[in-house]
Structures are given as C-alpha cells and as structure tokens.
Protein chains: 2
Amino acid sequence: MSSATPPGSAAPPDPGTPPASGTASPVAAFAALADETRWAVLQALADAGPGSAAGAGAPGGGADAGTSAAGLTASALADRLPVTRQAIAKHLAVLEAAGLVESRIVGRERRYRALGAELTALGRRLERIGDAWEARLGRIAAIAKELERG
Amino acid sequence: MSSATPPGSAAPPDPGTPPASGTASPVAAFAALADETRWAVLQALADAGPGSAAGAGAPGGGADAGTSAAGLTASALADRLPVTRQAIAKHLAVLEAAGLVESRIVGRERRYRALGAELTALGRRLERIGDAWEARLGRIAAIAKELERG
DNA sequence: CGAATGTGCAACCGTTGGGTTGCACTGACC
DNA sequence: GGTCAGTGCAACCCAACGGTTGCACATTCG
C-alpha cells in the first residue's frame with residue numbers, strides 16, 4: 001500500500017498547500033476527462049488557430065487580431081459545439097478546476113486555452129502507476145514459481 | 001481536427017472491430033478512473049499478494065494455495081473496503097468494461113486482477129495528446145510572432 | 001442430502017451531473 | 001447616453017451513478 005497513491009483519500013489535512021498552479025487531484029482530472037462534450041471543448045481549444053478564433057459573428061471588423069494565440073471564449077466555443085453557452089461555461093469551470101485549462105480576461109471577455117502540459121503530466125503519472133502494478137504482478141508470479149519449486 | 005482523436009464521437013460505424021482485447025473507449029476508462037472507491041478497488045487488486053488472498057474467513061484450511069497470483073474475488077474486496085459486496089461488484093463491472101480489470105472464474109468464485117498494462121497504455125495516450133496540444137500552441141505562437149514582425 | 005458460502009439480478013433511494021432557460025450585470029461601441 | 005455583445009448567477013429538469021437491501025441461483029463441503 002505504498003507504491004501507487006493516486007487519490008487524496010489517505011492524504012493529510014493538507015494545510016500549507018496554496019493553489020500553486022497545476023492539478024488539483026487526479027480523480028478530479030479523470031472526472032473532467034470522463035465526458036465527451038468536455039473532450040470536444042478541449043479539442044476545440046487545442047486546435048484553436050489564428051484566423052478562426054472568433055469564428056462567425058464579428059460583423060464589424062477583424063477585431064481580435066494580434067493576440068491570436070490567446071484562446072477561445074465560452075461563446076465562441078458554444079458556436080462550434082451543439083450545446084448552450086452555459087453548458088460550455090460549466091464544462092470550462094470543471095476543466096479549469098481540474099487544472100486542464102487556463103483562463104485570461106482580455107476585455108470584457110474571458111479567453112480559455114488548453115494546458116497540454118497538464119495532460120502530459122497526468123498521462124505520465126498513469127503510466128508510472130500501471131508500470132508499478134505490472135512490476136508487482138511480476139514479483140508475485142516469481143514468488144509463486146519459487147513456492148512451486150519448493 | 002485531426003491530431004488528437006480521443007473519443008469515439010467522430011468515429012465511423014466501426015463495423016469490423018471484434019472485441020480484440022483491451023480498452024473499449026478512453027472516456028469510459030476515464031469515467032472508470034473518476035471514482036475514489038474504484039481506485040481503492042484497483043489498488044487492492046494491484047497489491048493483492050500471496051498469503052493474503054482470501055483474507056479472513058476460510059476456517060477450513062489454506063484452500064487457495066497454488067494459484068496465488070490469480071487475483072481477488074468481489075467478496076474478498078468487500079472485506080477490505082468499507083462498502084457492500086454489491087457495490088464492489090458494480091465497480092468491478094465498470095472496470096472490466098473499461099478494460100482495466102480482468103476476471104477469471106475459478107471454482108464457484110470469480111477472481112479479478114488489475115491490468116496495469118492498460119493503465120500504462122492509457123497514460124501514454126494522454127501523454128501524446130498533451131504533447132500534440134503543446135506543439136500546436138508553439139506553432140501558433142510562432143505564426144503570431146511572424147505576423148507581428150511582418 | 002443438507003448447510004454454507006459465493007455469486008448474480010433486480011428494485012429502490014439519495015446525490016451528482018449535464019443541459020436548458022431566464023434574468024441581471026458589466027464593459028465596449030455608436 | 002443608449003444599445004449591443006458577452007458574461008455570470010440561479011433555478012429547474014431529467015438521466016446517470018454510487019450504494020444498500022433483498023432474494024434467487026449455483027457450487028462446494030460436511
């Protein structure tokens with residue numbers, strides 16, 4: 001009971017842990033990744049490129065040129081996805097709480113961008129846990145073989 | 001809309017895909033990993049070692065010696081965790097559907113074991129997606145800089 | 001055979017969660 | 001200053017989920 005310690009169940013009161021930056025809890029991140037709509041949001045954020053930023057609408061002019069790599073707003077995402085802006089906002093809140101997304105207030109709008117590094121870190125953690133399990137299984141098999149041989 | 005393709009949303013009818021083996025859908029796996037009790041189950045399965053297999057009970061004799069690395073039953077897990085056997089059974093069903101756990105019927109009992117390799121594969125996939133996002137962000141930043149200079 | 005252990009299915013309950021609608025508010029633009 | 005786009009909060013609905021209880025079925029052991 002010491003190798004893989006993913007959840008915060010056995011964690012101490014956690015007193016001196018300011019909201020440093022990244023992942024809150026792995027399970028929260030998994031819960032955030034457990035929804036297809038949320039994946040769609042993440043993917044839309046991930047391939048949000050310059051030129052297709054604000055998308056349709058913006059009749060006045062080009063407007064958001066310049067800081068093109070700043071991400072998308074909830075409304076822009078709602079334009080791309082078949083759900084309400086409010087639903088998107090909730091999803092973005094979940095994703096941000098899980099540390100998978102970051103938000104910046106620009107003018108009167110809030111731009112979100114995906115944090116791929118957090119995803120990568122989470123993946124690496126999963127990888128390590130899986131490897132630990134496999135290793136333990138191997139060890140058990142070895143012991144069993146040993147016992148069999150006498 | 002071509003780099004990372006985690007969910008099965010945009011997937012074709014998927015006609016000729018027999019239940020090859022492992023992971024059904026990544027989102028299913030994440031949903032499976034999004035519960036603390038399920039993590040506890042996985043961990044209990046992961047460090048299920050010889051000697052502590054059937055746990056307390058078994059008054060008759062040693063019984064399950066031999067195939068000690070075969071995994072734990074739902075009842076044994078229910079003995080270790082503060083939930084009902086039925087709850088454990090449901091969790092195991094979810095985990096098995098997600099491809100994170102495997103079951104073997106021995107006598108009248110069903111033994112489960114954790115599939116660490118699947119976890120590892122899932123982690124690797126996450127890692128790749130995160131890296132792809134980061135790469136795309138870098139490319140966007142480069143383009144923005146180019147535009148600024150031009 | 002009878003008793004015990006283990007499993008599986010089904011009903012049920014409380015809570016969470018995705019999604020919508022509606023409204024109030026604030027910052028930008030004419 | 002008035003209007004318009006964009007956000008935020010709150011209420012509400014319905015489906016899914018975690019969990020329990022209860023019972024019926026199989027299988028092993030005395």
Side-chain angles (χ1 to χ4, degrees), chain A residues 7 9 27-42 53-64 66 70-98 103-112, chain B residues 7 9 25 27-42 53-64 70-98 103-112:
Chain A
S9 53
V27 280
F30 294 134
L33 294 178
D35 187 271
E36 306 247 10
T37 305
R38 227 125 53 195
W39 270 105
V41 168
L42 281 176
D64 60 60
L72 299 182
T73 73
S75 304
L77 284 166
D79 269 350
R80 288 166 150 74
L81 299 177
V83 285
T84 316
R85 191 204 95 231
Q86 303 290 348
I88 303 274
K90 281 194 193 178
H91 286 312
L92 286 171
V94 172
L95 288 169
E96 191 167 24
S103 77
R104 265 181 52 207
I105 296 182
V106 172
R108 74 185 164 190
E109 58 188 20
R110 180 170 224 141
R111 291 210 148 95
Y112 291 87
Chain B
S9 53
S25 153
V27 279
F30 293 133
L33 294 178
D35 187 89
E36 307 246 13
T37 306
R38 227 126 50 195
W39 271 106
V41 169
L42 281 175
D64 61 57
L72 298 183
T73 73
S75 303
L77 285 166
D79 269 350
R80 288 167 151 74
L81 299 177
V83 285
T84 314
R85 190 204 96 231
Q86 302 290 349
I88 304 273
K90 281 193 193 178
H91 286 311
L92 286 171
V94 172
L95 288 170
E96 191 167 25
S103 75
R104 265 179 53 205
I105 296 183
V106 172
R108 75 186 164 191
E109 58 186 19
R110 177 169 227 142
R111 291 212 149 93
Y112 291 88

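Order of the sequence lines fixes the chain letters, A, B, ..., with proteins taken first and strands second; residue numbering starts at 1 for each chain. The structure displayed is predicted, hence computed values, not measured ones.
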Between P of C:dG6 and CG of B:Leu72, the distance in whole Å: 13 Å
Starting at atom CD1 of A:Ile88, determine the distance to atom C1' of D:dG6, rounded to an integer number of angstrom. 15 Å
Is there a donor on the side chain of B:Glu36 or the base of D:dG18 sitting less than 3.5 Å from an acceptor on the other? no
List the steps, then state whether side chain to side chain contact (heavy atoms under 4.5 Å, CB included) holds for B:Leu72 with B:Arg80. CA-CA 11 Å; B:Leu72 298 183; B:Arg80 288 167 151 74; 4.0 Å; yes
Taking it one step at a time, do A:Leu92 and A:Leu77 satisfy side chain to side chain contact (heavy atoms under 4.5 Å, CB included)? CA-CA 10 Å; A:Leu92 286 171; A:Leu77 284 166; 4.0 Å; yes
Presence of B:Thr73 side-chain N/O under 4.0 Å of C:dG6 phosphate oxygens OP1/OP2: no
For B:Glu109 and D:dA26, give me the distance from atom CD to atom C1', rounded to whole Å. 13 Å
Atom-to-atom span, CZ of A:Arg38 to P of C:dG17 - whole angstrom: 9 Å
OP1 or OP2 of D:dG18 sitting under 4.0 Å from any side-chain N/O of B:Thr37? no
Walk me through whether A:Trp39 and A:Leu33 qualify under side chain to side chain contact (heavy atoms under 4.5 Å, CB included). CA-CA 7 Å; A:Trp39 270 105; A:Leu33 294 178; 3.9 Å; yes
Going by modelled atom types, is there a donor-acceptor pair between the base of C:dG17 and the side chain of A:Lys90 at under 3.5 Å? no
Identify whether any heavy atom of B:Arg110 sits under 4.0 Å from a base atom; if not, whether one sits that close to sugar-phosphate; answer base, sugar-phosphate or nothing. sugar-phosphate
For the base of C:dG22, is there a side-chain donor-acceptor partner from A:Gln86 under 3.5 Å away? yes
Whole-Å distance, B:Phe30 CZ to D:dA16 P, equals 22 Å
I want to check one thing: is the phosphate of D:dC17, taken as OP1 and OP2, less than 4.0 Å away from some side-chain N or O of B:His91? no
Using the closest heavy atom to pick a nucleotide of DNA chain C for each, name whichever of A:Arg108 or A:Asp35 lands nearer the 5' end. A:Asp35
Atom of B:Ala32, atom of B:Ala98 and distance for their closest heavy-atom approach: CB-CB, 3.8 Å
Protein-nucleotide distance (A:Ile105, atom CD1; C:dA28, atom P), rounded to Å: 11 Å
Using whole Å, what does the distance between atom P of nucleotide C:dG17 and atom CG of A:Leu92 come to? 17 Å
Nearest nucleotide by nearest heavy atom, which residue falls closer to the 5' end of DNA chain C, B:Ala89 or A:Ala31? B:Ala89
Working for side-chain hydrogen bond (donor to acceptor under 3.5 Å, both in side chains), residues B:Ser103 and B:Glu96: CA-CA 8 Å; B:Ser103 75; B:Glu96 191 167 25; 2.8 Å; yes
